Amino acid sequence: MEDKQFYEDIVREVKEDFAARREARRPYELMWQLNMNFLMGNQFCNITDRGDIRQDEKYFFWQEREAYNHIAPIVETRVAKLERVRPKMTVMPFSSSKEDIKAADVSAKILEAACETISLPQKISQATMWSETCGSVFYKISWDKNKGRKLGETGDGRAVHEGDVEISVCPPFEIYPDSNVSQTVEDCRSIIHAKAYAAEDVKKTWGVDVAGEDINVFALDGAVAVGGLGYSSAAPGVTSEKKSGQVIVIERYVRPDETDPDGRLTIVAGDKLLFDGPLPYINRRDGQRGFPFVRQLSQTVAGCFWGSSVIDRLIPIQRAYNAVKNRKHEFLNRIAMGVLTVEDGSVDVDNLQEEGLSPGKVLIYRQGSEPPKMMDGGSVPIDFTYEEERLINEFMVISGTSELSRNSATPTNVTSGVALQLLVDQDDTRLAATSDEMRFAVKECGEMILRLYRQFALTPRTIRAVRKDKIEVMSFTAEDISDDGIVLDTTSEVNDTTSQKRSMMFQLLTAGVLYDSDGKLSEETKKKILRLTGFADWQ
């Protein structure tokens, strides 16, 4: 009974801690929802004082409410440019000793094989979209005992695998730090990872029966929020809907301290305690245990755990642009359709409202009264056009994407190739901070991957890596990995496109740098040139 009471106290304390963190993080969560709505085109919504997202309604039936989405192409352009940042983890020996050189070579091959197994490029793309939308995203590096080569079976017929590294992308909605003003992940004393699972999955993973319940989850829903006079259209919006048979699994990771040298991990689902013990992974320097999370930001905010997105700065401009365009179209509607003035009792008003002044219409009005006439609607003020152009320029200034990269069109009066290259370099410079965040995150992921292999690869394992057009197969154990004897670094291909590589190679050929003393190209040099210019498999 004492043990039962002890477990119930732990469950209650963890759930109360989770509820408090969820309430403290709510302002950030509302901003993320608003960003997602604006990105998808649902741009007539705002955050209310009650702490939710509310749709703005029309004041008049004729009011134009169309969304002219400039945020989506800006985010798509930034993501497309960041897709070229493909960090390659290179391993350098800590010293010139044979042991360090061998450890570096083995570690490099392990990283190459692991990145291919866990589909790291796809995970980076998925994480980049989240970070550009919400400002923050997290990688969770864990060890999955059900992956890898099958070693045998237990007495009850369950398969036993050698296990392998698993990386999952965690949106910011799933992460709850103990303080929203912690600058880094390491500054947090504890972090909660909360995620909704089906009750069957909880039973399969942890072997505990937990009753499912209705849980509010984020979903895309069509909201009739845009349109104009005589028509309406639906824009997808982020709303909350109930999903039945779900269980929120709360994983609370506590950093090691003097009281708990190995830290503490507590997993709670419903009213059940699934696990309570030390942190499972030795993933920090000097054999220390730590959080299995790596944070990637779009833009760093001083004194805040969460990053900022470019959408945060673009929302006011997008609202102003929509207002200008819609008011301009309302003017055009009045000019094109006209506004009739009719003397009371002179015509059949119901018929006139129904059919209007159609071509060839015979209009009968009372003898002696004034015939209906059109009011002078004037013309669209030129200030609308000026404001529209100013807002377009503000989009480019605030987002850091020039007309060249966003519209694939050269700016007016710019014809020099050097000037165009300078514009491209400026766009890349504006993305330097974001691309550095990606490289730092991937570098930290690589360090954790090697440390997990060092902890769990106790039996000989076989990997396959592609090196210089050759497939190398090797066997290793944990003793062959020394994360303290290597230095991890990442290289970027943000400026190394195939066309640029070809151009540089042709310049070197023209300058005669690659020819031997007899003025000829060796067969080996020709093969290297074809490989570097993207024609390795030309046949």
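This is a predicted model, so every value here is computed, not measured.
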Under 3.5 Å, is there a donor on one side chain and an acceptor on the other for E437 and T300? yes

Strictly distance-based, threshold 3.5 Å: is any side-chain N or O of D144 a donor or acceptor partner for the main-chain N or O of N146? yes

Pairing of R313 and E394 as salt bridge, 4.0 angstrom limit: no

Cation-pi check, R65 onto F44 ring (under 6.0 Å, within 45° of axis): yes

dist R189:CZ -> F291:CZ (nearest 0.5 Å) comes out at 9.0 Å

First locate atom NZ of K325, then atom CD of E388, and finally report the distance between them rounded to the nearest 0.5 Å. 4.0 Å

One thing to verify: whether R289 and D262 come together as a salt bridge, which I'm taking to mean a side-chain N less than 4.0 angstrom from a carboxylate O. yes

Any idea which heavy atoms bring N69 and M40 closest together, and the distance? ND2-C, 4.1 Å

Between S298 and E132, does any side-chain donor sit less than 3.5 Å from a side-chain acceptor? yes

Using a strict cut-off of less than 4.0 Å between a Lys/Arg side-chain nitrogen and an Asp/Glu carboxylate oxygen, indicate whether D56 and R54 qualify as a salt bridge. yes

To the nearest 0.5 Å, what is the distance between CZ (R295) and CH2 (W306)? 9.0 Å

Assign the ring pair Y68 / Y321 to parallel, tilted or perpendicular, where the plane angle (0 to 90°) is split at 30° and 60°. perpendicular

ring-ring contact (aromatic ring centres under 6.0 Å, His included) pairs touching residues 269-290, sequence neighbours excluded, are none

Ring pair (Phe, Tyr, Trp, His ring centres under 6.0 Å) against Y253, all qualifying residues, sequence neighbours excluded: F293

Identify whether the distance between the nearest side-chain nitrogen and carboxylate oxygen of E29 and R26 falls below 4.0 Å. yes

Flag for D52-Q33: side-chain donor and acceptor within less than 3.5 Å: no

Could you tell me whether K15 and D271 make a salt bridge, using a distance below 4.0 angstrom between a side-chain N and a carboxylate O? yes

Are E166 and K123 within salt-bridge range, i.e. N to O under 4.0 Å? yes

Do R22 and Y176 meet the cation-pi criteria used here (NZ or CZ under 6.0 Å from the six-membered ring centre, within 45° of the axis)? no

N-O pairing of E186 and R255 below 4.0 Å: no

Would you say the side chains of S190 and R21 form a donor-acceptor pair under 3.5 Å? yes

Taken in chain and number order and not counting sequence neighbours, the residues that satisfy salt bridge (charged side-chain N to carboxylate O under 4.0 Å, His left out) with D276 are R264

Please report the closest heavy-atom contact between L450 and I481, naming both atoms and the distance. O-CG2, 4.0 Å

Is it true that the side chains of T184 and D187 contain a donor and an acceptor less than 3.5 Å apart? yes

What I want to find out is whether K109 reaches E112 closely enough, with some N-O distance under 4.0 Å, to be called a salt bridge. no

I141 CD1 to C445 SG distance, which is reported to the nearest 0.5 Å: 4.0 Å

Checking Y197 against Q246: is there a side-chain donor and acceptor pair closer than 3.5 Å? no

Polar contact flag, side-chain donor to acceptor under 3.5 angstrom, H193-E174: yes

Derivation of the ring pair (Phe, Tyr, Trp, His ring centres under 6.0 Å) call for F138 and F305: CA-CA 12 Å; F138 297 83; F305 181 79; 5.8 Å; yes

Going from CD1 on I118 to CD1 on I167, what distance comes out if it is rounded to the nearest 0.5 angstrom? 3.5 Å

Would you kindly say whether E83 and S125 are connected by a side-chain donor-acceptor distance under 3.5 Å? yes

Which atoms form the tightest heavy-atom contact between V249 and A269, and what is the distance? CG2-CB, 4.1 Å

Test item: side-chain donor near acceptor, Q318 and Q43, under 3.5 Å: yes

Over all heavy atoms of both residues, which pair between D178 and C188 is shortest? Give the atoms and the distance, please. OD1-CB, 3.5 Å

Mind listing the closest non-hydrogen atom pair of R319 and C45 along with its distance? NH2-O, 2.9 Å

CD1 (I10) and CD1 (I267) are apart, to the nearest 0.5 Å, by 12.5 Å

Using modelled atom types and a 3.5 Å cut-off, is there a donor and acceptor pairing between side-chain atoms of E444 and backbone atoms of V294? no

Over 12 foreign heavy atoms within 6.0 Å of NZ, K147: yes

